[in-house]
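Accompanying notes for the structure given below.
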Amino acid sequence: EAQVTQNPRYLITVTGKKLTVTCSQNMNHEYMSWYRQDPGLGLRQIYYSMNVEVTDKGDVPEGYKVSRKEKRNFPLILESPSPNQTSLYFCASSSRGLSNQPQHFGDGTRLSIL
Amino acid sequence: DQQVKQNSPSLSVQEGRISILNCDYTNSMFDYFLWYKKYPAEGPTFLISISSIKDKNEDGRFTVFLNKSAKHLSLHIVPSQPGDSAVYFCAAIPSSNFGNEKLTFGTGTRLTIIP
């Protein structure tokens, strides 16, 4: 089954404690991206990757890091989480050429930073 | 600055009737538009899309209309079914964004179908 898998699904942690949210896709997609969803703001892009070892900032990259060492994995790293990073996070992937290859989303990771 | 706007946070429609969800955008560089549907505790799933060279695209019960001059698109669902109850997001991509398939999302409309 084609899917994007995020882990963990839920996490409550404290300010400053490094955490990683993993994202894995089994569709051999080149493109992967992270979004965060906040009330009244829709989904906003954090980082994206067009292929292995190619990553770039989205609209709201501050406080986040990513890596793309393998095609299937695109982890999101919060080195020193803060309460304003409490949000619902989605990973997405697609083949290049969006017009006929829409993005597939994971089921989300809800992070609470106390 | 919200470039894609869904001004109705919620909408209730009787089962069997037509649901119309609206979306407005401000960036004239957007040239591809999508609708995503989201159930609780799940990620958004792609529903239907339209390129700016078209003004209508239809897929079964779902039709998307694009009015470029008004910078407005709408999603029509007919007939509406209980399983259509979800949050609907419209999203857009600008032509200048080659390589980054970044979706600019609206804030969503919660559709409730009343049996």
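Letters go in sequence order (proteins before strands), and every chain restarts at 1. The model shown is predicted, which means the values in this text are computed figures rather than measured ones.
The OG1 atom of B:Thr104 sits 6.5 Å away from the CG atom of A:Asp59 when rounded to the nearest 0.5 Å. One finds the CG atom of A:Asp38 at 12.5 Å from the OG1 atom of B:Thr107 (value rounded to the nearest 0.5 Å).
Annotation: side chain of B:Phe105 is not in contact with side chain of A:Leu41 (no heavy-atom distance under 4.5 Å). Side chains of A:Phe105 and B:Thr45 form no contact here, defined as non-hydrogen atoms less than 4.5 Å apart. For the pair B:Leu103 and A:Gln45, the minimum side-chain heavy-atom distance is 4.5 Å or more.
Residues of residues 51-61 of chain B having a heavy atom under 4.5 Å from any heavy atom of chain A: none.
Only the side chain of A:Arg9 comes within contact range of chain B, judged by heavy atoms closer than 4.5 Å. Heavy atoms closer than 4.5 Å to chain B are found in the side chain of A:Gln37, but not in its backbone.
No chain of hydrophobic side-chain contacts below 4.5 Å, direct or via other Ile, Leu, Val, Met, Phe, Trp or Tyr residues, connects A:Leu43 to A:Leu78. The hydrophobic cluster containing B:Tyr32 does not contain B:Phe65, counting ILVMFWY residues as joined when their side-chain heavy atoms lie under 4.5 angstrom apart, directly or transitively. Residues A:Leu11 and A:Phe74 share a single hydrophobic cluster, defined by chaining ILVMFWY side chains whose heavy atoms lie under 4.5 Å apart. Put simply, B:Val13 and B:Val87 are part of two different groups of oily side chains (I, L, V, M, F, W, Y) that touch within less than 4.5 Å, one to the next. Cluster membership check: B:Phe33 shares its hydrophobic cluster with B:Val4, using side-chain heavy-atom separations under 4.5 Å among Ile, Leu, Val, Met, Phe, Trp and Tyr.
Around NZ of B:Lys68, the count of heavy atoms belonging to other residues, nucleotides or ligands within 6.0 Å exceeds 12. The local environment of CZ in A:Arg110 is sparse, with at most 12 non-hydrogen atoms from other residues, nucleotides or ligands closer than 6.0 Å. Atom CD1 of A:Ile12 is surrounded by 12 or fewer heavy atoms from other residues, nucleotides or ligands within 6.0 Å.
A:Phe90 and B:Gly43 make their closest contact through CE2-CA, 3.5 Å (heavy atoms, listed as atom of the first residue, atom of the second, distance).
Note: B:Pro44 leads B:Ala91, B:Gly106, B:Pro44 in heavy-atom pairs under 4.5 Å with chain A.
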